[in-house]
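Below is one structure, written out as structure tokens; the observations come after it.
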There are 2 protein chains.
Amino acid sequence: MRLSTTSHAILGMLAFRPATAYELAKGMGTNFSYFWPRARSHVLAEVKRLSELGLAAAQSEPLGRRARTVYSLTPAGRLALEAWMATPPTAFGLEIEGLVRVFLAPFGQIDDLTASLEATRAEAATMLGLAGTIVERYMDGTAPAQEHIHVRALLIDFLTHFAQLTEAWATRSLQTVATWDDLSPNGKQEVARETLAAAPRSPAAGAPVETWGATAHT
Amino acid sequence: MRLSTTSHAILGMLAFRPATAYELAKGMGTNFSYFWPRARSHVLAEVKRLSELGLAAAQSEPLGRRARTVYSLTPAGRLALEAWMATPPTAFGLEIEGLVRVFLAPFGQIDDLTASLEATRAEAATMLGLAGTIVERYMDGTAPAQEHIHVRALLIDFLTHFAQLTEAWATRSLQTVATWDDLSPNGKQEVARETLAAAPRSPAAGAPVETWGATAHT
DNA sequence: ACGCACATGTAAGCAGTTACATGATTTG
DNA sequence: CAAATCATGTAACTGCTTACATGTGCGT
């Protein structure tokens, strides 16, 4: 009986209130999509498994000629959730294909690079726009989870700053690339050094030096 | 013959220079771990598949009583890589369990929340420290990929800012939580509103309003 | 000569995705 | 009342991870 983070996210939604499988799947999207995205079908399969394990109770309700299942959290489920909350979180992970494309830029065309950066910028801008709406809802008191504002504010704080950071980065990278004629290193060292000089960094605690962001298999 | 982003990352490393399977796996870690992390064994399996597809050439070299395989990029492989570079990138994805724990904080103890935030803070701090070392290497000209500095600077720009953002967010969240006696909403609205007011946002382009960062299955 | 870190590989299993299929509800 | 959208579910497949196993060379 191994439970994943996704399992606990589902148990957590059930801890707020009982829900149908479909509502859970939808909730996974609206609640977690930006920091724990999962496919709808996977949520359906997982909640079924949770009910088999006795962590969620499934109740079938008829709905026209079709049946729908309402799930709720069992005491065992609540215990599992609370126990998990006390464990340390796993390390965060980013999957940003746009950065892979930057890394491999020398093997493509310069237009490929700008297109990729532009796509990333647009995505971040969309995220920021969404955030604006959400924030308004909370501020005027009409958000659906208004009573959890103190906790949700922390989340929104992170996500909005992330979106802003990403958009700003893509924008200034596009500006830099716009000054290039090709992807060769010629004459581009100067600006690169300035970028690096402006990068935030902590005193480098003499830690084990892994070569990172650099082709190391030399 | 479906190729994943991981496949192309491997083709890309081979485009820099031929390498053994082990070097590729290691390079996956040092080069991509922060924005495209993959297990070592998966890289080994994938490069084998690439050679079966004719995109990489495998050459067996004896090494003591053991054989090791050196891979290099074939012309077909280079074509595949270049073609991929011209396609649009998939959307970025974050997996941040620490944020899931913030979302579900009401079902745990307050100490669970601080522990989780502290773990996230520490992780980001480590990342920043590493970055400091890398930046120094590039600045004094001793980085292994010195000739690619113009492109790598863009990556480092993003990653250092991300680490800084994460550390700063965790720190200020810890400060906020330190003022709480419990996880109930009582008396915490005020500060939450200030946090939200300070969150960056764009004019909310009248976009389709999805409830995000909020329990929506109401 | 021994122990430890580096190098190399395989196998089993699961978490997660894409695609398909169809019933219910709303809306113009 | 037709068309679109919402709600609900299953099946096939695969990318990826964890765990295991063993060879090679270096330092002491």
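Per chain, numbering begins at 1; letters A, B, ... match sequence-line order.
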message = Classify A/Ala21 by what it touches in the nucleic acid, base, sugar-phosphate, or nothing, heavy-atom distance under 4.0 Å.
response = sugar-phosphate

ask   = Hey, which of these two, A/Ala45 or B/Arg2, hits DNA chain D nearer its 5' end, going by closest nucleotide?
value =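 The residue closer to the strand's 5' end, by nearest nucleotide, is A/Ala45.
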
What is the separation between atom [atom1] on [X] and atom [atom2] on [N], rounded to the nearest whole Å?
X	N	atom1	atom2	result
A/Glu61	D/dA7	CD	C1'	14 Å
B/Leu50	D/dG15	CG	P	11 Å
A/Glu95	C/dA15	CD	C1'	13 Å
A/Ile10	C/dA15	CD1	P	11 Å
B/Arg49	C/dG9	CZ	C1'	19 Å
B/Leu44	D/dA21	CG	C1'	14 Å
B/Arg38	C/dA15	CZ	P	17 Å
A/Leu3	C/dG16	CG	P	12 Å

message = Centroid separation under 6.0 Å, is that true for the rings of A/Phe16 and B/Phe107?
response =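 Under 6.0 Å, so yes.
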
inquiry  = Taking the six-membered ring for Trp, are A/Phe162 and B/Phe92 closer than 6.0 Å centroid to centroid?
reply    = yes

Quick one: is [X] getting a side-chain N or O under 4.0 Å of the [N] phosphate, OP1 or OP2?
X	N	result
B/Thr20	C/dT8	yes
A/Tyr22	D/dA7	yes
B/Lys48	C/dT10	yes

Look at the side chain of [X] and the base of [N], then say whether one donor and one acceptor between them are separated by less than 3.5 Å.
X	N	value
A/Thr69	D/dT8	no
A/Arg40	D/dG9	yes
A/Ser41	D/dT10	no
A/Arg68	D/dG9	no

note = So CG of A/Leu81 and CD1 of A/Ile10: to nearest 0.5 Å the spacing works out to 12.0 Å

inquiry  = For A/Glu147, I'd like to know if atom CD has over 12 heavy atoms of other residues, nucleotides or ligands within 6.0 Å.
reply    = yes

ask   = What's the closest nucleotide to the B/Thr6 side chain, out of C/dG16, D/dC16, D/dT10?
value = D/dC16

query = Which nucleotide sits closest to the side chain of A/His42: C/dA15, C/dT8, D/dT17?
reply =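 The listed nucleotide nearest to A/His42's side chain is C/dA15.
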
ask   = Can you tell me if A/Thr5 and B/Glu97 form a side-chain donor-acceptor pair at under 3.5 Å?
value = yes

